[in-house]
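Down below is the structure, laid out as C-alpha cells.
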Amino acid sequence: MPDSPPPPPPLPHSAEYFGEDRDHWWDPDFVAFLFRSWNLGAPAPRQVLDVGCGIGHWGRVLLPHLPADAHLTGIDREPEWVAKSQSIAAAKGLSPRTHYIQGAAESTPFPDNTFDLVTCQTLLIHVPDRAAVVREMIRVLKPGGCLLVVEPNNLAATQAVGSPRFNEPIEQRLAITRFQILCERGKEALGEGNNSCGELIPGLFAEHGLYNIKVCQSSRASALIPPYDSPAQQALRNQILDWSTRDFWIWSKPDTARYHLAGGGTLAEFETLWSLAMKLAKEEAEALRNNTYHGAGGGICYIIAGWKVVV
C-alpha cells in the first residue's frame with residue numbers, strides 16, 4: 001500500500017483573509033476625511049511604520065494620503081508576507097516609497113523616537129500581549145507623533161445576519177454566538193489574541209500615556225444585494241462560496257476545535273456546533289448562488305488614534 005501523501009504545509013498567518021475582499025475594506029474618501037478631521041497630516045508624517053503589515057494592504061491605503069516624500073516601512077513576522085509585500089509594491093510602482101522587513105511586533109529593530117506615524121490593522125487581535133505591542137509602537141514613535149490602529153469587535157458580526165437567518169430560532173442564534181465567544185476566549189487563553197479586543201484599545205492607549213485619544217468606526221459595511229454586481233460584492237461573494245466548499249468558518253476546523261476546547265467547551269459540543277456552523281454556511285452559499293441572499297453586512301471595526309506626549 002503506498003504511503004499517504006504528507007499534509008500540506010501550514011499557511012502563513014491570516015492567509016485566509018488576504019484575498020481580494022480585503023482590497024475593498026476602505027473607501028478612499030472616508031480615509032481622506034479621517035486625515036482631515038483628525039489632523040493626521042499635521043505635522044506631515046514622513047516616516048511611517050506599519051506593524052504586522054501582512055501583504056501591505058493597510059499601508060497602500062494610507063500612502064495616497066501621505067506627503068509625496070513620505071516613506072512607509074512595513075514589518076511582519078511572516079517571511080512570505082514580506083516577500084509578497086515587496087512584490088506588490090514593485091508591481092504598483094511603490095518600491096521607492098516603501099520598505100518591508102521581517103520582525104516581531106513586540107520587538108522591532110528601530111531606535112526610540114523614529115517614526116512620525118505608527119500604525120497597524122487587525123494586528124492586536126492576534127498577539128498574546130496587546131500591551132507589549134502598544135508599548136513597542138509607542139517606543140519607536142516620535143514625541144508628538146500619532147499611533148493609529150484599526151481593530152474590530154468581531155463578536156458583533158454574530159448579530160449581523162443576512163436574509164436566510166434573519167428569523168432563525170433564538171436558540172440557534174444563541175448557540176452560534178456562544179460558540180464564537182468560547183472560541184475567542186480560548187484563542188486568547190492559548191496566547192493567540194482575541195478577535196474582539198478592539199473594545200479595549202482606547203483604554204489601553206490611555207493607560208500608556210497617549211493623549212487626545214480619538215475613536216470612530218469604519219464606514220465599510222459588507223453588504224450583499226442581488227445581483228452582487230459591484231467588485232466589492234463579487235469579491236465577498238466569491239470568498240464566502242470558497243469557504244463553504246472547504247468547511248472554513250472564522251477559522252479552520254482544527255483551529256476552531258483548539259480554541260473551543262481551550263475556552264471551556266467539550267469535544268462533543270464542538271462537533272455539534274461545528275456541524276451547525278457548516279450547515280448555516282452552506283445555506284448562505286446556496287442563497288448566494290440563487291441570487292436570493294441579501295444583507296446589509298454590518299460589523300464593528302474601530303479606528304483609534306492617540307498622540308505621544310512631547311516631553
Side-chain angles (χ1 to χ4, degrees), residues 13-14 17-18 22 25-27 30-35 37-41 45 47-63 65-66 70 72-77 81 85 103-108 110 114-156 184 188 192-220 299-309:
H13 197 279
S14 299
Y17 289 92
F18 287 168
R22 201 178 184 101
W25 275 18
W26 295 99
D27 175 358
F30 174 78
V31 180
F33 166 77
L34 197 65
F35 267 73
S37 62
W38 284 5
N39 291 322
L40 296 177
Q47 292 296 326
V48 179
L49 176 64
D50 181 9
V51 184
C53 63
I55 63 174
H57 287 102
W58 179 231
R60 292 192 297 275
V61 167
L62 296 179
L63 274 174
H65 307 279
L66 299 172
L72 184 141
T73 300
I75 184 169
D76 197 276
R77 76 185 196 191
W81 296 154
S85 296
E106 297 84 355
S107 180
T108 65
F110 307 110
T114 298
F115 296 96
D116 305 297
L117 173 66
V118 178
T119 189
C120 69
Q121 175 178 261
T122 59
L123 164 70
L124 299 177
I125 62 173
H126 297 303
V127 300
D129 188 343
R130 295 181 290 273
V133 175
V134 167
R135 284 194 298 270
E136 178 65 3
M137 292 194 288
I138 293 171
R139 180 187 70 79
V140 300
L141 182 64
K142 291 179 181 177
C146 177
L147 177 57
L148 177 70
V149 310
V150 177
E151 300 291 344
N153 177 340
N154 282 325
L155 275 175
E184 289 198 0
E188 184 158 35
E192 298 180 33
N194 185 299
N195 282 41
S196 295
C197 75
E199 293 292 339
L200 305 178
I201 305 308
L204 192 59
F205 275 23
E207 290 173 12
H208 287 80
L210 297 178
Y211 74 98
N212 192 27
I213 297 166
K214 298 179 181 293
V215 183
C216 71
Q217 292 185 40
S218 166
S219 65
R220 183 184 189 261
I300 295 179
C301 186
Y302 296 112
I303 305 102
I304 306 120
W307 277 259
K308 186 173 179 177
V309 173

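In what follows, every heavy atom counts, from backbone to side chain, and hydrogens, waters and symmetry copies are set aside. Quick caveat: nothing in here was measured; it's all calculated off a predicted structure.
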Thr122 versus Arg22, side-chain donor and acceptor atoms under 3.5 Å: yes
Salt bridge (Lys or Arg N to Asp or Glu O under 4.0 Å) against Arg130, all qualifying residues, sequence neighbours excluded: Glu188
Note, Ile300 side chain near Gln217 side chain (heavy atom, < 4.5 Å): yes
Backbone N/O of His13 and side chain of Trp81: donor-acceptor pair under 3.5 Å: yes
Minimal non-hydrogen separation, Leu123 against Gly52, with atom names: CD1-CA, 4.0 Å
Least distance between heavy atoms, Ala305 atom then Cys146 atom: CB-SG, 3.9 Å
Between CG on residue Leu40 and CH2 on residue Trp307, distance to nearest 0.5 Å: 5.0 Å
Side-chain donor/acceptor of Asn154 to backbone N/O of Ser196, under 3.5 Å: no
Any donor-acceptor pair under 3.5 Å from Glu136 side chain to Thr108 backbone: yes
Ala131: side-chain contact (heavy atoms from CB on, under 4.5 Å) partners, not counting sequence neighbours: Asp129, Arg135, Leu204, His208
Parallel, tilted or perpendicular: rings of Phe30 and Phe33 (30°, 60°): tilted
Under 3.5 Å donor-acceptor, Arg139 side chain and Phe110 backbone: yes
Side chains of Glu199 and Asn153, donor plus acceptor under 3.5 Å: yes
Interatomic spacing from CG in Leu147 to CG in Leu117 - rounded to 0.5 Å: 8.5 Å
Contact summary for Val309 and Gly209, nearest pair of heavy atoms: CG2-O, 3.5 Å
Residue pair Ser85 / Cys53: nearest heavy atoms and the distance that separates them: OG-SG, 4.3 Å
Residue pair Ile138 / Phe205, side-chain heavy-atom distance below 4.5 Å: no
pair Leu49-Thr114: side-chain heavy atoms closer than 4.5 Å: no
Side-chain touch Tyr302/Pro202, heavy atoms, less than 4.5 angstrom: no
